[in-house]
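Report on one structure; see the data block that follows.
For ligands, and for the atoms within them, numbers begin at 1 and follow the listed sequence. Atoms considered below: every heavy atom in the structure, side chains included; atoms not considered: hydrogens, waters and symmetry mates.
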Amino acid sequence: MLAEFLSAALNQQAMLWRTSPAATELEEVALGWLRRLIGLPEAFEGVIYDTASISTLHALAAAREAAVPGVRTAGLAGRQDLSGVRVYCSEHAHSSVDKAVILLGLGQDALRRVPADVQFRMRADLLGAAIAEDRAAGLLPIAAVATVGSTSSTSVDPVEAVAEICARERIWLHVDAAYAGVAAMVPGYEWILQGAGRADSLVVNPHKWLFTPFDLSVLYCRRMDVLRQAFSLTPEYLKTSEGEAGVKNLMDTGIQLGRRFRALKLWMVLRHFGAEGLRSHLAEHMRLARTFAAWVDASDRYERVAPVPFSVVCFRLRAPAAGDAEHARILDCVNASGDVFLSHTKLDGRYVLRLAIGNINTTERHVARAWELLNSAAQQ
Ligand SMILES: Cc1ncc(COP(=O)(O)O)c(C=O)c1O
């Protein structure tokens, strides 16, 4: 919050190195630290955007740039030389992937959602089959999105297997680790990003689960040159002599020209908590989620409906007759308490309640209160 005060007061513009050397270079420093923390190779260069939706949009713009000849100048409309383009993701991938293909002019039909297994993870075998089928139909696969921590159930797609397929098919791999990517810094959780080093890009959101005030999303890209190829454009009035001296001009890695000094708050978060502090908060959140999950598992009233790899628990009433309306009433009743705020989703077509832990002030007492409220609401 202090960083937000400061950056508002100083009103830095990090469009060019010249307009804010500090904002430009601090971004590089903070993103280098975060990259090391989550175990991504040095080949990944980072850039800060506002949200994961915008990060994914840029990743898929780069994928389009890499795969569609002349797209920057000729666009897509009316192209006789171009068959339909395809992007792949799991049926559980976030809606930001749909929005990206819509905005990139590929059309929502270009997004093929691949079925998941019983634990809500994308089935790599079906991804391979879908690509083969589309190629046989004359379509052009350009990218796949693997999710590490899907929105509804926090499932983890098999990134390694997906990376293998993308390498074989020579298509762009984007990893959406917006929520869960930060957990890779906790000892024992490195596996969640296994294979991500082979991805072309990865998004992780410190504003979701790294205690950074909204907004701050990071896109790491192993082929930032492609993103620059897609977006860099320097009219006379933006030319600076440093341009030739090899400094970074952040306007080159995205659609925005002007940009806020967001790096300051990430730098402060990293400096304030330190690696150990961040790890211990994340580990505690996961412990609290496991504790809550154990209460659900031992209960006669509720049952868990998904594994709990991180800090979200999905559950519903055991009573087979309980439908959407009963669950929605429970949710309203619990939230009306003002003590806790739960959300819902649908998994396998059924209404599911979700408890998510991500705030540094949340303790076991709050989780116990949620459980108490849930039980009394179910009784009512
Ligand atoms: C997996 C995943 N990706 C992307 C997003 C979009 O995040 P943002 O609000 O930063 O665009 C979300 C938000 O819930 C998400 O869960």
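Remark: side-chain polar atoms of Lys99 are not paired, donor with acceptor, to backbone N or O of Ser53 under 3.5 angstrom. In this structure, Gln119 contributes its side chain and Pro307 its backbone to no donor-acceptor pair below 3.5 Å. A donor-acceptor contact shorter than 3.5 Å links the side chain of Arg113 to the backbone of Ser90.
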Derivation of the side-chain contact (heavy atoms from CB on, under 4.5 Å) call for Glu133 and Arg112 | CA-CA 12 Å; Glu133 188 182 285; Arg112 183 156 176 182; 3.2 Å; yes

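Of the heavy atoms in Asn205, only side-chain atoms (C-beta onward) come closer than 4.0 Å to ligand 1. When heavy-atom distances to ligand 1 are checked against a 4.0 Å cut-off, Ser96 comes that close only through its side chain, counted from C-beta outward. Of the heavy atoms in Asp176, only side-chain atoms (C-beta onward) come closer than 4.0 Å to ligand 1.
Of all heavy-atom pairs between Trp209 and Met286, the closest is CH2-CG, 3.7 Å.
Residue contact annotation: Ser150 has no non-hydrogen atom under 4.0 Å from ligand 1. Under a 4.0 Å heavy-atom criterion, Ser217 is not in contact with ligand 1.
Closest to atom 11 (O) of ligand 1 among all protein heavy atoms lies Ser53 OG, 2.5 Å. Scanning the protein heavy atoms around atom 15 (C) of ligand 1, the nearest turns out to be Thr151 OG1, 3.3 Å.
Remark: ligand 1 and Tyr179 share no N or O pair separated by less than 3.5 Å (distance only, no angle test). Taking any N or O of Ala52, backbone or side chain, at least one lies under 3.5 Å from an N or O belonging to ligand 1. When only interatomic distances are considered, the shortest N/O to N/O separation between Thr147 and ligand 1 does not fall below 3.5 Å.
The environment of CG in Asp300 is sparse: at most 12 heavy-atom neighbours from other residues, nucleotides or ligands sit within 6.0 Å.
For the residue pair Arg121 and Ser155, no side-chain donor N or O sits within less than 3.5 Å of a side-chain acceptor on the partner. Side-chain N/O atoms of Ser201 and Trp172 include a donor and acceptor closer than 3.5 Å.
Within ligand 1, the atoms closer than 4.0 Å to a non-hydrogen atom of Gly149 are 1 (C), numbered from 1 in the order shown. The atoms of ligand 1 that sit less than 4.0 Å from any heavy atom of Ala178 are 2 (C), 3 (N), 4 (C).
With distances taken over non-hydrogen atoms, the option nearest atom 7 (O) of ligand 1 out of Lys208, His92, His94, His207 is Lys208.
Taking the six-membered ring for Trp and thresholds of 30 and 60 degrees, Phe310 and Trp191 have nearly parallel ring planes, at less than 30 degrees apart.
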